[in-house]
Structure formats: structure tokens, C-alpha cells
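One is the number of the first residue; the rest follow in order along the sequence.
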Amino acid sequence: MDLQSIEKLITEFEKLPKIISQPTYLEICRYPRSRFEEICSRILCFYFDPTNEHGFNELFLDSLFELLSKNEIQYKNDQIKVINEENSEGKRLDILIHSPDFVIGIENKINASVYNPLDIYKNRIELYNNEVIFKVVLSVRKITDKGELTKISENGFVVFTYSELFEKIKKNTGKYITQANQKYLTYMYDFIQTIENMTGETFNNNKLTHFFSTNSESIEELLGLYNKYKVRVRNTQIDRVKELLAKIRTVTNDEHWWAWEGWDLGYNSYKTTKPRIGIESSYNSINNNPLGEFRIFITTWNLKDFAPYEAKLLSLFPNNFLDKSNNRVFMHMDVIYDDNEELILERLNTYFEILYQITKE
């Protein structure tokens, strides 16, 4: 990959919204994949019943009717019955919704093909003897297998994808959102996101993921080159810290200075029973110089250990930034540029002596 290609790739990347879908609650719970179809059916049953606690009333039902019929279906909410796993000659239809005005049977398909006895389900649905009958296969994937489509058609079923249903639901949600229970609104969107993550819709409609997919080979090559660059920078810093380590041990006449993982130069071996305090320092690369700046901190490795020293250090360095996060404390002391060895050793020695005195007091 040449430099012009790299610059073009980075320019395109900078224009994109930096959004990647976060894991949903259902995904975090690691739903049992072999039983996930049952879980989805139960969730749908809950939302299809307009009298349940979700507060969306007929949102799901009317959204489904938009797919099923060009004519408006009249019904009363309190007459709706939603049945999960309706018994059909020993087989189980996933969802059955009925009222005096209509009946809907739904076979829910998440991962599996349509192998189910649709003829048995058809007979069970038609036993309700209603003039308005709908038989539905609701599928995550778009069904294209001719055998499956023939089976579905011969038994009077129609096929809709979750994406088609969710499109209607999301379009209609605004009419119900003010009266909805906010907890179940969150659950609803989590469920929708989980299914969309399975269908690939979130990838297909996301410019960032499309960019990654389209440029995957170039990005892999770029990352490989960048990782080699980082190793080279780190090795340069490690070599330089090794030199500084030997020199600061001589300057302070103390062999207890250390270099953690080779690049983090520090000290914390003051002869005291008081809480542990010390120095940490390291290089940052700037302007293509691996040794561009050298940062020095006074630090404790536990938040509570800083308390006995805080007043004294703040009196000595009132304008220095104090960072207390992740149960650690960093007092920012110096940023030394251009690898000024004399100044680096002088400042490290100064803070070494100050902490030596503080820990003796």
C-alpha cells in the first residue's frame, strides 16, 4: 500500500460517523440459541396483547395488520386473546391471536428452515371459524428456497420478515410513545436491535461498517504497517529508558529505580512504613519523534495512599494538575521535550529527594 492510498483511506474514514452498535441486553445475557425462537415468541405475545403493561396498546397488532390487509380491521382490545404455543394435534403453533373479529396464526422462524407441519397449523387456525383469517410465517431471514415457498403457499400462509414488521412498528411508535411504559419501550428497542443484529440490517445500513467491509484488505494492511511502526517506536523508547535507568541510579546513588516493561521508568522504594508513593515517567512520540516528550508524575498506586502526602505536595506544587481516577493518583510534574537528558535527570533527582524528605517526616 502506497502513501497516497493510505492518506485516501484515512480521509474517507474521517468523514464517517463513528458508530458501532453496542451489544443488546439479550446478547449480553447470551440467550440460549437453541431456545431463542421460544423467547422471541414470548416477547411478541407480550407486545401483541394490547391490554398488557407495556402501554403500547395496539401498536404491534395494527403494525402487523398493515402488512396483512389493505382493509382496516375493526376489533376491541379487551376481546383479544394471545396464545403462545397453541396445541395443534400434538404440535405447537408459536403464536395464535384471536378475537370475535379475526384470527391470526404465526409460525415464528429465527434460524431454522420451514420444516413445520403447516397443514396441521392451518387446520387448527381454521377451527376458529372466523371469516377474517391470516396465516403467517414470520422469519428473520428472507425465505428463497422454492420448496419452502411452495409449502407455505399451498397451506395458505404468507411470509413476512422481522425487518418488514419492525419497519411498520418503528414508523407507528410515535403515536403511542407518550402513553407507553418507558421500561417496556427500552425492552422493545433492545429486542428489535437484537433481531436486526442477526439479520445484518445494522451492518448494511451503517456507513462505518460498510467502509470496514469494503476496505477490509487495505485496513488489514494499514494496521499491519501501523503495528510495526508502534513496535519500532516502543523499542526506541525502551532502549533510551535503559540508558536513563543506569544514569539515574548513579545520580541518586540508589539501585531501586526500575523500568516496568522496559518503557516506564520509576521509583517507589523509600524506607518508610507509610503508604507507598513514588515516581513514574515515560516517553511519548510526537512529530514523528519516539523521544519527542518525556512526562514525569508523582504517583500512588492506591487512592487512599495519597492522603498523607497530599497537603504537603499541594503546598509545594499548587498549580500542578492532580488526576485521581481508577483508584490511582497522578500529580503531573513535567513535560520535557527533545530528550533533554540533563534536564530529565535533574528533575527526576529533584522529585526523588522531595519524596525522600516527605516520607521521612
Would one find more than 12 heavy atoms of other residues, nucleotides or ligands at under 6.0 Å from atom [atom1] of [X]?
X    : atom1 : value
Q4   : CD    : no
Y356 : OH    : no
E243 : CD    : yes
K171 : NZ    : yes

Contact between [X] and [Y] at the side-chain level, heavy atoms closer than 4.5 Å - yes or no?
X    : Y    : value
I277 : L313 : yes
N289 : Y283 : no
I279 : T299 : no
L165 : F160 : no
F321 : F297 : no
V114 : I143 : yes
I80  : F102 : yes
D239 : W263 : no

Could you give me the CA-CA distance, side-chain angles and deciding distance for T252 and N349, then say whether side chain to side chain donor-acceptor pair (under 3.5 Å) is met? CA-CA 6 Å; T252 59; N349 184 47; 5.6 Å; no
Side chain [X], main chain [Y], donor-acceptor under 3.5 Å:
X    : Y    : value
D338 : N340 : no
E37  : I110 : yes
N320 : H332 : yes
Y121 : R92  : yes
S282 : D264 : no
Y47  : M188 : yes
D49  : T51  : yes

Side chains of N268 and W258: any donor to acceptor distance under 3.5 Å?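 Yes - a donor-acceptor pair under 3.5 Å links their side chains.
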Could you tell me whether the side chains of D101 and Q74 share a donor-acceptor contact shorter than 3.5 Å?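 No - no donor-acceptor pair under 3.5 Å links their side chains.
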If a pair satisfies salt bridge (charged side-chain N to carboxylate O under 4.0 Å, His left out) and one of its residues is in [range], list it, with sequence neighbours excluded.
range            : answer
residues 294-308 : E293-R295
residues 75-84   : none
residues 118-131 : E86-R124, K122-E126, E126-K135

[atom1] of [X] to [atom2] of [Y]: how many Å apart, nearest 0.5 Å?
X    : Y    : atom1 : atom2 : answer
L348 : L343 : CG    : CG    : 9.5 Å
H54  : Y187 : NE2   : OH    : 14.0 Å
L355 : K312 : CG    : NZ    : 12.0 Å
T194 : D190 : OG1   : CG    : 4.5 Å
F56  : K175 : CZ    : NZ    : 13.0 Å
S63  : K170 : OG    : NZ    : 11.5 Å

Mind jotting down which residue pairs meet the side-chain hydrogen bond (donor to acceptor under 3.5 Å, both in side chains) criterion with at least one end in residues 221-233? Sequence neighbours excluded, please.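 Qualifying pairs, neighbours excluded: none.
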Would you list the pairs meeting side-chain hydrogen bond (donor to acceptor under 3.5 Å, both in side chains) in which at least one residue belongs to residues 143-160, sequence neighbours left out? R141-E148
Not counting sequence neighbours, which residues clear side-chain contact (heavy atoms from CB on, under 4.5 Å) with S5? List them please. M1, D2
Contacts of V329 that satisfy side-chain contact (heavy atoms from CB on, under 4.5 Å) - sequence neighbours left out: T300, L303, F306, L322, K324
Could you give me the CA-CA distance, side-chain angles and deciding distance for S41 and N108, then say whether side chain to side chain donor-acceptor pair (under 3.5 Å) is met? CA-CA 7 Å; S41 293; N108 185 25; 3.0 Å; yes
Q237 and N284: CA distance, side-chain angles, deciding distance, side chain to side chain donor-acceptor pair (under 3.5 Å) verdict: CA-CA 8 Å; Q237 294 170 343; N284 279 337; 5.7 Å; no
Suppose we screen for ring-ring contact (aromatic ring centres under 6.0 Å, His included). Which residues come up paired with Y115, at least two apart in sequence or across chains?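 Counting only residues at least two positions away or on another chain, Y115 forms no ring-ring contact (aromatic ring centres under 6.0 Å, His included).
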As a test of understanding, state which of E255, R276, H256 forms a side chain to side chain contact (heavy atoms under 4.5 Å, CB included) with S269.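 With S269 as partner, side chain to side chain contact (heavy atoms under 4.5 Å, CB included) holds for just one option, H256.
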What residues, two or more places apart in sequence or in another chain, satisfy side chain to side chain donor-acceptor pair (under 3.5 Å) together with K247?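 Expected list: E341.
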Taking only residues two or more places apart in sequence, or in another chain, which ones meet T161 in a side chain to side chain donor-acceptor pair (under 3.5 Å)? E164
Run the numbers on R328 and N302 for side chain to side chain contact (heavy atoms under 4.5 Å, CB included), then give the verdict. CA-CA 5 Å; R328 286 200 61 178; N302 193 299; over 6 Å; no
E38/R42 under salt bridge (charged side-chain N to carboxylate O under 4.0 Å, His left out): CA gap, chis, key distance, verdict: CA-CA 6 Å; E38 296 176 24; R42 294 189 194 116; 3.4 Å; yes
is_close_aromatic([X], [Y]), centroid dist under 6.0 Å:
X    : Y    : result
F294 : Y337 : no
Y267 : F352 : yes
F46  : Y184 : yes

Checking D339 now: which residues fulfil salt bridge (charged side-chain N to carboxylate O under 4.0 Å, His left out) with it, not counting sequence neighbours?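 Partners of D339 by the salt bridge (charged side-chain N to carboxylate O under 4.0 Å, His left out) criterion, ordered by chain and then number, come out as R240.
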Can you name the residues that form a salt bridge (charged side-chain N to carboxylate O under 4.0 Å, His left out) with D334, not counting sequence neighbours?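 Result, salt bridge (charged side-chain N to carboxylate O under 4.0 Å, His left out) vs D334: R347.
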Under 30°, 30 to 60°, or over 60°: which ring-plane class applies to F191 and Y162, parallel, tilted or perpendicular?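 Rings of F191 and Y162: perpendicular, over 60°.
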Just say parallel, tilted or perpendicular for the rings of F60 and F48, cut-offs at 30° and 60°. perpendicular
Check the pair Q182, T186 against side chain to side chain donor-acceptor pair (under 3.5 Å), reporting the backbone distance first and the verdict last. CA-CA 6 Å; Q182 294 302 302; T186 301; over 6 Å; no
Assess whether a salt bridge exists between E53 and K183, defined as any Lys/Arg side-chain N lying under 4.0 Å from an Asp/Glu carboxylate O.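 Salt bridge absent between E53 and K183.
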